[in-house]
**Student:** 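The structure follows.
A note on names: the letters A, B, ... follow the listed sequences, proteins ahead of strands, and every chain is numbered from 1.
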Amino acid sequence: MKQDIIELIRDALGRLVADGTLALEALPEPQLDRTRDPAHGDFATNIAMVLAKQARTKPRDLAQRLVEALPASAAVARVEIAGPGFINFFLTEAAYHALVPQIMTAGPDYGRSQVGAGRRVQVEFVSANPTGPLHVGHGRGAAYGSVVADLLAAVGFDVHREYYVNDAGRQMDILGTSVWLRYLELCGEELTFPSNGYKGDYVWDIAATLHREHGDAYRVAADAVFAGVAADDDGAGGGDKEAHIDDLIAAAKRLLGDNRYRFVFELGLNTILDDIRDDLAGFGVDYQEWYSERTLTESGAVNKAIERLRASGHVYEQNGALWFRSTDFGDEKDRVVVRDNGQTTYFASDIAYHMDKLERGFERVIDIWGADHHGYVPRVKAALEALGDDASRLEVLLVQFAILYRGGEKAQMSTRSGEFVTLRQLREEVGRDAARFFYVMRRCEQHLDFDLDLAKSESSDNPVYYVQYAHARVCSVLRQAAERGIGIEPSAGTSHLDRLVEPQEQALLRSIARYPEVVEGAALKAEPHQLTHYLRDLANELHTYYNAHQFLVDDAALRDARIKLILAVRQVLRNGLGLLGVSAPENM
RNA sequence: GCCCUCGUAGCUCAGCCGGAUAGAGCAAUCGCCUCCUAAGCGAUAGGUCACAGGUUCGAAUCCUGUCGAGGGCACCA
């Protein structure tokens, strides 16, 4: 609908240029907006004001000529020039009525478009280290990322959803060692668990599996493990918890040997990764690919990336380490890619990973990170530029934290003690629908206050129930109609739609007409909250209509028109909720 | 100290690629069920868009500075 009007304006501009009235080197893309005030029509464009200066005309005069040059259209009732030079378009009611059968025919496809057709985009999100279960912070990234991906797919992009698995590196060694130490405790060894180890119950669970299935096969005397190990942080300034855990990792590798160490490490990794996969699947989040960091090292991709940097002269050696001169590309300081002990850094893997993403041919690469990683953006972009790639193909979206509230109090516990609210606990408490909806209700760069009581409440205060109830209400009316033996004319019969003249009906028609624009905007700007707001507004209009008018009236023609309208509204509600990964219940 | 994000009604937030009178929900006050689910609807009230400059026909929106909140500044991941 909006596109049709834009075409009319473009035609008019073309005519004015063709007959010499308007001298322009290039035709600008006309900006067309929904009006806020119905007195200003349905759509308004500021094109005359934008072009007035270079056309050396008064905005209103230019607007007048544009209006005269507009091609006739059945959808446009009249056009007005208003204010400083706005051109307001008033659409015909027939144009809105025609929408109802269009929506019914399109069904689940209504709102989908092809603006992204032929363009491949990758969305990488969550990518939490597999060192423990996902917590509520990851949940926001999961909900946000999956909805952004689904929105992009809805507007035609070829979307590839990916989870980057950090299955290499020190944190994973700490996990493996934590599991082993807990296992030793289960074997009866007495030891002091390192302050920097992973202390969650899930570590005990994995250790118990190891003990149950393999008995003492991995047992080593605690004295041997802790012999010569640097002292742990004693909480009074003495000791070094980092050196302590590193020594324990080294001891584990030495005492277990490669194969046995690897087994314990893999058991921890796979158990947790399986849990994360299961958790995300239960949350309605699916991936095309789980990309292993380890394969980057094993395939030589990391070395290749470093060599490319070296070949292009962007690295140097200092203090035994290899540094990437990221300051040449706007970063605050240079970054190490190979440590003095010969190990490549996490950053080196990340360079290789992003290089690989671009090499795989994605036109756009979207990374969704927690806001605490924002300092990381410049160096990754710097690396891509240094490699000669187009860093603007990478878009990093930062998601702020979610803070849980229960009874008006913060409900989130400390992550340090290993006790945190997991995503699974949240799902169990408020359900998948509410969790997803609440997570994407706010702009991603906005801190999210997640009100657990509200998410659980079965009242109109709860936006999820409110929207779902609107859907269920339509279903309920249809059940009533069926009970009373009222038949509904097939969707092809649109002859009575001109009976929809009430203000609530006109408001609903305008709202459902706007839906494709909302989906496109939400997708292109990666702003799912636009959709949640829209759905709340649409639900409100449906409820208002429901309260103001009876649908199942005796006048068969009017009744039929009203039922068709609410069927179309139901379809839009269903489609919108579907894009959010939220169910559309038939009754509540 | 440097960098990033944010600052809009009592609370939670939209609006931010400049546009016509700054919007919604909650909370407050007052109303609406012999009627398709009151898990609903309506009305009233509530604002120096943090502050100060600048850009222009026009600024909540763009730029600069100040203040305030959160986060980040490792040869960790």
**Student:** Does a side-chain N or O from A:Arg339 land closer than 4.0 Å to OP1 or OP2 of B:A77, or not?
**Tutor:** yes
**Student:** Can you tell me how far P of B:A77 sits from CD of A:Glu242, to the nearest Å?
**Tutor:** 11 Å
**Student:** Is the ring of A:Phe86 stacked on the base of B:A20, with centres less than 5.5 Å apart and planes under 30° off?
**Tutor:** yes
**Student:** Can you tell me the base-pairing partner of B:C67? Count Watson-Crick or G-U wobble geometry only, both distances below 3.5 Å, and say none if there is no partner.
**Tutor:** B:G7
**Student:** For A:Glu517, run the side-chain hydrogen bond (donor to acceptor under 3.5 Å, both in side chains) check against A:Arg34, A:Gln3, A:Lys2 and tell me which one passes.
**Tutor:** A:Arg34
**Student:** Would one find a side-chain N or O of A:Asn540 under 4.0 angstrom from OP1 or OP2 of B:C41?
**Tutor:** yes
**Student:** Check every strand shown and say whether A:Ser459 touches a base, only sugar-phosphate, or nothing at a heavy-atom separation below 4.0 Å.
**Tutor:** sugar-phosphate
**Student:** How many Å lie between CG on A:Asp246 and P on B:C76, as a whole number?
**Tutor:** 9 Å
**Student:** Within the distance-only criterion (no hydrogens, no angle test), does the side chain of A:Ser349 pair as donor or acceptor with the backbone N or O of A:Leu296 below 3.5 angstrom?
**Tutor:** no
**Student:** Counting side-chain heavy atoms from C-beta on, which of B:G15, B:C36, B:A77 comes nearest to A:Gln530?
**Tutor:** B:G15
**Student:** Output the single nucleotide from B:G15, B:A38, B:C3 whose closest atom is nearest the side chain of A:Glu527.
**Tutor:** B:G15
**Student:** May I ask you to say what A:Ala168 touches in the nucleic acid, namely base, sugar-phosphate or nothing, with a heavy-atom cut-off under 4.0 Å?
**Tutor:** sugar-phosphate
**Student:** Just how far, in rounded Å, is P of B:G7 from CD of A:Gln400?
**Tutor:** 11 Å
**Student:** Go through A:Arg574 and A:Glu586 one step at a time and tell me if the salt bridge (charged side-chain N to carboxylate O under 4.0 Å, His left out) criterion holds.
**Tutor:** CA-CA 10 Å; A:Arg574 194 178 278 174; A:Glu586 303 260 317; 3.7 Å; yes
**Student:** Of the options B:A27, B:C75, B:A39, whose atoms approach the side-chain atoms of A:Met588 most closely?
**Tutor:** B:A39
**Student:** Using purine N1 to pyrimidine N3 plus N6-O4 or O6-N4 for Watson-Crick, or N1-O2 and O6-N3 for G-U wobble, each under 3.5 Å, what pairs with B:C32?
**Tutor:** B:G40
**Student:** Quick one: is A:Lys456 getting a side-chain N or O under 4.0 Å of the B:A39 phosphate, OP1 or OP2?
**Tutor:** no
**Student:** Under 4.0 Å between any heavy atoms, over every strand shown, what does A:Ala44 touch: base, sugar-phosphate, or nothing? Just pick one.
**Tutor:** base
**Student:** Using a heavy-atom cut-off of under 4.0 Å over every strand shown, decide if A:Ala82 touches base, sugar-phosphate, or nothing.
**Tutor:** base
**Student:** Give me the distance, rounded to whole Å, that separates B:G23 from B:U44 when you measure between the P atoms they each carry.
**Tutor:** 14 Å
**Student:** Among the nucleotides B:C75, B:C41, B:U37, which one has an atom lying closest to any side-chain atom of A:Asn587?
**Tutor:** B:U37
**Student:** With rounding to the closest Å, how many angstrom separate the P atoms on B:U12 and B:A50?
**Tutor:** 15 Å
**Student:** Can you tell me the Watson-Crick or wobble partner of B:G18, both distances under 3.5 angstrom?
**Tutor:** none
**Student:** Find the distance A:Asp449:CG to B:G25:P and express it as a whole number of Å.
**Tutor:** 20 Å
**Student:** Atom NE2 of A:His447 and atom C1' of B:G68: how far apart are they, to the nearest Å?
**Tutor:** 13 Å
**Student:** Considering only B:C13, B:A77, B:C75, which nucleotide approaches the side chain of A:Arg442 most closely?
**Tutor:** B:C13
**Student:** With a 4.0 Å limit, can you tell me whether A:Ser457 has a side-chain N or O closer than that to the phosphate oxygens OP1/OP2 of B:A39?
**Tutor:** no
**Student:** Reckon A:His529 touches a base, only the sugar-phosphate, or nothing at all at heavy-atom distances under 4.0 Å?
**Tutor:** sugar-phosphate
**Student:** Establish, with yes or no, whether the OP1 or OP2 oxygen of B:C6 is under 4.0 angstrom from a side-chain nitrogen or oxygen of A:Arg443.
**Tutor:** yes
**Student:** Could you tell me how far apart A:Glu332 (CD) and B:C4 (C1') are, to the nearest whole angstrom?
**Tutor:** 9 Å
**Student:** Does A:Arg473 put a side-chain nitrogen or oxygen below 4.0 Å from OP1 or OP2 of B:A38?
**Tutor:** yes
**Student:** Heavy atoms from C-beta onward define the side chain here; which of B:C75, B:A20, B:G72 lies closest to that of A:His374?
**Tutor:** B:G72
**Student:** Among B:C41, B:U37, B:A14, which is the nearest nucleotide to the side chain of A:Tyr469?
**Tutor:** B:U37
**Student:** Sticking with atom C1', work out how far B:A28 lies from B:A20, rounded to a whole angstrom.
**Tutor:** 32 Å
**Student:** Given the ring of A:Phe347, does A:Arg335 sit roughly above its face, with NZ or CZ under 6.0 Å from the centre of the six-membered ring and within 45° of the axis?
**Tutor:** no
**Student:** Within a strict 4.5 Å, meaning less than it, do heavy atoms of the A:Val165 and A:Pro130 side chains meet?
**Tutor:** yes
**Student:** Could you classify B:C17 for me, syn or anti, using a glycosidic angle within 90° of 0 as syn?
**Tutor:** anti
**Student:** Of all the heavy-atom pairs spanning A:Leu394 and A:His354, show the shortest one and how long it is.
**Tutor:** CD1-CD2, 3.9 Å
**Student:** Among B:A77, B:C13, B:C41, which nucleotide sits nearest the side chain of A:Gln446?
**Tutor:** B:C13
**Student:** May I ask you to say what A:Ala481 touches in the nucleic acid, namely base, sugar-phosphate or nothing, with a heavy-atom cut-off under 4.0 Å?
**Tutor:** nothing
**Student:** Does A:Tyr545 have its ring centroid less than 6.0 Å away from the ring centroid of A:Phe551?
**Tutor:** yes
**Student:** Apply ring-ring contact (aromatic ring centres under 6.0 Å, His included) to the pair A:Tyr515 and A:Tyr534, showing each step before the final yes or no.
**Tutor:** CA-CA 8 Å; A:Tyr515 176 69; A:Tyr534 168 84; 5.7 Å; yes
**Student:** Which nucleotide in the list B:A74, B:U37, B:A77 gets nearest to the side chain of A:Arg170?
**Tutor:** B:A77
**Student:** In whole Å, what is the span from the CD atom of A:Gln550 to the P atom of B:U34?
**Tutor:** 13 Å
**Student:** Give none if B:A45 has no partner; otherwise give the nucleotide forming a Watson-Crick or G-U wobble pair with it, both distances under 3.5 Å.
**Tutor:** none
**Student:** Classify A:Arg484 by what it touches in the nucleic acid, base, sugar-phosphate, or nothing, heavy-atom distance under 4.0 Å.
**Tutor:** sugar-phosphate
**Student:** Determine, stepwise, if the pair A:Asp449 / A:Arg442 fulfils salt bridge (charged side-chain N to carboxylate O under 4.0 Å, His left out).
**Tutor:** CA-CA 9 Å; A:Asp449 287 337; A:Arg442 304 284 175 239; over 6 Å; no
**Student:** Which one is paired to B:A60, where only Watson-Crick or G-U wobble pairs with both distances under 3.5 angstrom count?
**Tutor:** none
**Student:** When we call it a touch if two heavy atoms are under 4.0 Å apart, what does A:Asp461 touch: a base, just sugar-phosphate, or nothing?
**Tutor:** sugar-phosphate
**Student:** How many whole angstroms separate atom CG of A:Asp537 from atom P of B:A14?
**Tutor:** 14 Å
**Student:** Tell me whether the OP1 or OP2 atom of B:C73 has a side-chain N or O from A:Tyr376 closer than 4.0 Å.
**Tutor:** no
**Student:** With sugar-phosphate meaning primed atoms plus P, OP1 and OP2, does A:Met172 contact a base, only sugar-phosphate, or nothing at under 4.0 Å between heavy atoms?
**Tutor:** nothing
